Amino acid sequence: MFDFTQVIDFLPQLGKGLYYTLLISIIGLLIGFALGAIFGLGRISKNKFFFIIASIYVEVIRGTPVLVQAIWIFFALPIITQYNMDSITAGVVVIAINSGAYIAEIVRGSVDSIDKGQMEAGRSLGLNKHQTMRYIIWPQAFKRMIPPLGNQFIISIKDTSLLSVILVPELMFQGRYIASNHFNAVEIYTTVALFYLVINFSLSLLLRYIERRLKY
Amino acid sequence: MITVQDLHKRFGDNEVLKGIHCEVEEKEVVCVIGPSGSGKSTFLRCLNLLEEITSGDVIVDGYNIRDRATDINMIRTEVGMVFQQFNLFPHKTVIQNVMLAPQKVRKLSPKEARQRGEALLEKVGLAEKADQYPSQLSGGQQQRVAIARALAMEPKMMLFDEPTSALDPELVGEVLEVMKQLAKEGMTMVVVTHEMGFAREVADRVLFMDEGIIMEENTPDIIFNNPESERTKDFLNKVL
Ligand SMILES: Nc1ncnc2c1ncn2[C@@H]1O[C@H](COP(=O)(O)OP(=O)(O)OP(=O)(O)O)[C@@H](O)[C@H]1O
Ligand SMILES: [Mg+2]
């Protein structure tokens with residue numbers, strides 16, 4: 001009754017969707033990681049201004065749904081700025097700023113969790129604050145970040161499926177397009193789901209491997 | 001080497017150091033004893049500005065460390081510190097722990113830093129542990145690595161904050177041995193300790209701290225056999 005062999009005909013189109021899903025996830029998360037590192041350090045900074053900016057960013061993003069963020073950035077922001085973004089750029093921006101806020105909290109938590117004695121040991125040896133962060137605190141915090149970062153990466157990859165509403169030609173968008181034209185919802189959506197599952201499960205395995213290789 | 005004048009330290013409303021005066025001469029070993037909470041650690045941590053000083057002056061190696069013009073990182077390279085909890089860097093091997101600061105601060109080449117590191121590990125009896133991680137070592141071994149790490153900066157003086165308090169009793173001796181050796185070589189040392197045997201044997205002078213002041217300052221001989229202050233007597237009766 002269900003004919004999964006027909007999925008083969010749609011693989012090129014789904015493959016194109018997969019390409020955009022991965023492209024947006026990777027670029028978005030790379031930028032998101034940079035944002036997270038900067039604003040995460042802002043959240044532990046003694047500089048009031050930096051702290052407040054970082055806190056506002058984190059709270060605004062955490063307090064609003066990613067779907068609303070996507071629609072706002074694609075449909076509302078251009079009206080304010082008089083500058084039209086193409087949907088793929090908008091998609092990258094959404095994933096970057098959304099994941100950035102959560103990653104900032106991960107960074108803050110991990111850096112905070114490193115024993116205070118580590119900073120003191122570094123400083124007592126004459127390393128300055130920046131050097132101590134770079135050589136002592138950050139590498140240890142990074143290891144602790146891996147599991148929650150992995151979680152966030154997976155959430156963000158799944159969030160890209162919401163970008164179909166702003167016309168990003170990613171996997172879910174292609175799936176919807178095919179299913180509505182060929183009335184094969186079961187076959188296509190099952191396949192789409194499997195694609196996400198494979199991506200995320202591979203990512204899980206990769207992260208577990210990296211974590212194990214950091215041996216201390 | 002170290003001059004402390006009317007040092008006060010407050011945490012909020014809690015005045016922990018209430019006017020400390022003291023001098024530490026070059027090559028002198030000064031032990032600081034006293035009850036828990038009397039401010040020994042705070043005092044020691046003020047000497048390299050790990051704690052902000054509320055008022056008073058601390059002059060280390062000729063520099064007033066509270067002076068804005070003083071480069072505190074430079075001062076800290078001259079003042080090694082050993083902590084109760086070792087505070088080794090867990091993500092680095094033993095030799096990397098020892099090599100890090102000489103490379104980054106003293107700008108030694110990796111080769112020079114390694115040579116220096118290996119020599120120091122040899123000195124503390126841990127040459128064969130160079131490539132292990134701190135978590136693979138016993139507490140006593142970790143503390144000896146911490147001493148080697150501090151010495152790698154070739155400091156002019158060393159501060160020890162209860163270096164053996166976190167150790168199992170059978171591991172205390174090996175750390176004290178290393179410290180005795182250092183003292184013998186003429187290192188200037190300030191040692192906060194509960195090891196009265198060590199203080200008696202190694203110290204040139206003992207400071208008894210109580211409630212944020214130095215209650216008595218004397219040679220170990222007088223402190224342990226004939227203390228001038230009643231408080232010192234009470235304290236020693238309790239701990240000895
Ligand atoms: N960071 C801090 N913030 C607030 N209070 C502090 C802080 N550090 C120390 N204190 C307080 O200062 C007092 C002295 O502490 P300190 O650690 O110097 O004592 P100590 O003589 O080293 O004691 P111990 O023998 O237990 O190590 C204590 O009452 C402690 O609660
Ligand atoms: Mg203490």
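So that the names make sense, note that chain A is the first sequence line, chain B the second, and so on, each numbered from 1. Treat the numbers as computed from the prediction; the structure is a model and nothing was measured.
- Between B/Pro90 and B/Tyr133, the shortest heavy-atom distance links the atoms O-CD2, 3.6 Å.
- Closest non-hydrogen pair, B/Val24 versus B/Arg205, comes out as CA-NH2, 4.0 Å.
- When all heavy atoms are compared, the tightest approach of B/Ala101 to A/Leu125 is CB-CB, 3.8 Å.
- Of the listed residues (B/Gln85, B/Arg45, B/Arg106), the one with the most heavy-atom contacts under 4.5 Å to chain A is B/Arg45.
- Using a 4.5 Å cut-off between non-hydrogen atoms, the part of residues 67-78 of chain B that approaches chain A consists of B/Asn73, B/Arg76, B/Thr77.
- Of all heavy-atom pairs between A/Tyr102 and A/Gln152, the closest is CB-OE1, 3.3 Å.
- Using a 4.5 Å cut-off between heavy atoms, B/Val82 does not touch chain A at all.
- Relative orientation of the A/Phe142 and A/Phe33 rings is perpendicular, given thresholds of 30° and 60° on the angle between their planes.
- At a heavy-atom cut-off of under 4.5 Å, chain A is reached by B/Arg149, B/Ala150, B/Met153 from residues 142-166 of chain B, listed in order of number.
- Ionic pairing of A/Lys116 and A/Glu120 is present here: one or more N-O contacts between side-chain nitrogen and carboxylate oxygen are shorter than 4.0 angstrom.
- Contact of B/Phe89 with chain A is made through backbone and side chain together, with heavy-atom distances under 4.5 Å.
- A salt bridge does not link B/Lys9 with B/Glu15: none of the charged nitrogens is closer than 4.0 Å to a carboxylate oxygen.
- Inspection of the A/Gln174 and A/Glu170 side chains reveals no N or O donor paired with an N or O acceptor under 3.5 Å.
- Remark: B/Lys123 engages B/Glu185 in a salt bridge, criterion side-chain N to carboxylate O under 4.0 Å.
- The contact between A/Asn128 and chain B is made by backbone and side chain atoms together, counting heavy-atom distances below 4.5 Å.
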Passes side-chain contact (heavy atoms from CB on, under 4.5 Å), B/Ile33 versus B/Met209? Steps please. CA-CA 6 Å; B/Ile33 62 172; B/Met209 265 186 87; over 6 Å; no

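- Using a 3.5 Å distance cut-off with no hydrogens or angles, the side chains of A/Thr64 and A/Gln69 do pair a donor with an acceptor.
- When each of B/Asn48, B/Leu100, B/Leu49, B/Val79 is scored by its heavy-atom pairs under 4.5 Å with chain A, the top score falls to B/Leu100.
- Looking at A/Arg123, its side chain does come within 3.5 Å of a backbone N or O of A/Leu127 through a donor-acceptor pair.
- For A/Gln118, the parts lying under 4.5 angstrom from a heavy atom of chain B are both the backbone and the side chain.
- Between B/Glu25 and B/Asp204 there is no side-chain heavy-atom pair separated by less than 4.5 Å.
- Of the atoms belonging to B/Leu88, it is backbone heavy atoms, and not side-chain ones, that fall under 4.5 Å from chain A.
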